[in-house]
Amino acid sequence: MTRKPLFQSVIALLNFRVHNKWIGIQDSLKRQLITEDDFKWRLPPKINEREKEGSNCEILLKYVGGVDLSFSKEDSSIACGALVVLDFQTLKVVYEDSSIVRLHIPYLPGFLAFREAPVLLELLDKMKKNAHPFYPQLLMVDGNGLLHPRGFGLACHIGVLADLPTVGVGKNLHHVDGLTQSRVREIRQAADSPENVLPLIGDSGCTWGAAIQSSQGSLKPIFISVGHRVSLATAIETVKMTCRFRVPEPIRQADIRSRERLRNHQ
DNA sequence: GCGACAG
DNA sequence: ATCTTGTCGC
Ligand SMILES: [Mg+2]
């Protein structure tokens, strides 16, 4: 597809303006971001773990959500967004919804939220306005949170706009602040004992998240970061507790079911 | 100029 | 993200 240079310049200018607008939105929303625990529930005590004293909180974490999108191979603008809710203890799916939509915004690294967040926020909103009893107390997002060029990835974006505790989970490392795959390998070798939780500390000294080996079946790590209203420690713990396989079960189920729904469509 | 680039 | 088959191993 060849175009005259003038057209290309106009398109480049539009892209430049949209790009700046999006950065402005991310910077603006980031002012509402909360990066510590801010919720009324607590984690169920682990087996063999003594009940912590002073935890007068009676609400246990039970409903953990997961979101993901799948795309049509024929028409890459057709996508299915899925929201699932699992029982945190049994990891059984207790709620499932999905929506097939046409996307008008391409994938651009650093701007994933502008493509994927709208359909996912709609699925959450539908559940909330129906006052569904299984509305998630915590949401796991297939995409990063703080681990992002401007510290405001998809998980933060959804968390702030839905005012919901969220955790970001990346299957690949988005290079930020000098953090690369080889840098992660160095961090691993610098650890005194074979750790399966590695802090992701960038050149600036900032902690962007953690790389964890989440299952015995896979050596490849996943990359966890704070989304909204959770600390990194809580993010890591909840992800670990929901990993039957490499990808935490809420996200894995959203992935499986969104793809399945798309396959059975048309 | 070159490489990197969540999903 | 998707394109794609079998194959090795628990
Ligand atoms: Mg995905």
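Side-chain atoms are counted along with the backbone in the values below, which use heavy atoms only and exclude waters and symmetry mates. A note on names: the letters A, B, ... follow the listed sequences, proteins ahead of strands, and every chain is numbered from 1.
- If you take CD of Glu116(A) and P of dT2(C), they are 10 Å apart, rounded to a whole angstrom.
- Asn172(A) comes within 4.0 angstrom of the backbone, heavy atoms only, and of no base.
- Taking the six-membered ring where tryptophan is involved, the planes of Phe114(A) and Phe111(A) are tilted, since the angle between them lies from 30° to 60°.
- Taking the side-chain hydrogen bond (donor to acceptor under 3.5 Å, both in side chains) definition, one finds that Arg185(A) meets it with nothing, sequence neighbours left out.
- Stem analysis of DNA chain B (at least three stacked-register Watson-Crick or G-U pairs, each with both distances under 3.5 Å) gives none.
- Annotated stems with DNA chain C as a participant are lacking; only runs of 3 or more Watson-Crick or G-U pairs under 3.5 Å would qualify.
- Rounded to whole Å, atom C1' of dT2(C) lies 14 Å from atom CG of Asp142(A).
- One finds no salt bridge joining Asp68(A) and Arg252(A) here, because no Lys/Arg side-chain nitrogen approaches an Asp/Glu carboxylate oxygen to under 4.0 Å.
- Dense packing is recorded around CD of Gln213(A), with more than 12 heavy atoms of other residues, nucleotides or ligands lying under 6.0 Å away.
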>> Checking Gln32(A) against His228(A) for the side chain to side chain donor-acceptor pair (under 3.5 Å) test, could you report, in this order, the C-alpha distance in whole Å, the side-chain angles of both residues, the deciding distance, and whether it holds?
In response: CA-CA 9 Å; Gln32(A) 301 175 54; His228(A) 183 48; over 6 Å; no
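- Atom CD of Glu36(A) has 12 or fewer heavy atoms from other residues, nucleotides or ligands within 6.0 Å.
- In this structure, a donor-acceptor pair under 3.5 Å is present between the side chains of Ser231(A) and Asp37(A).
- Between Phe223(A) and dA6(B), no base-stacking contact is recorded for ring centres under 5.5 Å apart and planes less than 30° from parallel.
- Protein atom CG of Leu147(A) is 11 Å distant from nucleotide atom P of dA6(B), rounded to whole Å.
- At a threshold of 4.0 angstrom between heavy atoms, the contacts of Gly110(A) include nucleobase atoms, whether or not backbone atoms are also involved.
- Note: Phe134(A) and Tyr63(A) meet the aromatic proximity criterion, with ring centroids under 6.0 Å apart.
- What separates CG of Leu69(A) from C1' of dT2(C) is a distance of 14 Å, to the nearest Å.
- The distance between atom CZ of Phe114(A) and atom P of dG7(B), rounded to the nearest whole Å, is 18 Å.
- Within the 3.5 Å criterion, the main-chain N or O of Cys243(A) finds no donor-acceptor partner in the side chain of Ser214(A).
- In this structure, Trp208(A) atom CH2 and dA6(B) atom C1' are separated by 14 Å, rounded to whole Å.
- Residue Gly153(A) is in base contact, counting any heavy-atom pair closer than 4.0 Å across all strands shown.
- The side chain of Arg115(A) contributes no N or O atom lying less than 4.0 Å from OP1 or OP2 of dA6(B).
- Using a 3.5 Å distance cut-off with no hydrogens or angles, the side chains of Ser215(A) and Arg246(A) do not pair a donor with an acceptor.
- Residue-level contact check: Leu154(A) touches the bases, meaning some heavy atom is under 4.0 Å from a base atom.
- One interatomic measurement links the two molecules: NZ of Lys220(A) to C1' of dA6(B), which rounds to 12 Å at whole-angstrom precision.
- When heavy atoms are screened at a 4.0 angstrom cut-off, Phe71(A) is found touching the sugar-phosphate backbone but no base atom.
- Summarising the geometry, the separation between CG on Leu108(A) and P on dC5(B) is reported as 16 Å, rounded to the nearest angstrom.
- Between His175(A) and dA4(B), a side-chain N or O to OP1/OP2 separation shorter than 4.0 Å is absent.
- Nucleic acid contact class of Ser72(A) (heavy atoms, under 4.0 Å, all strands): none.
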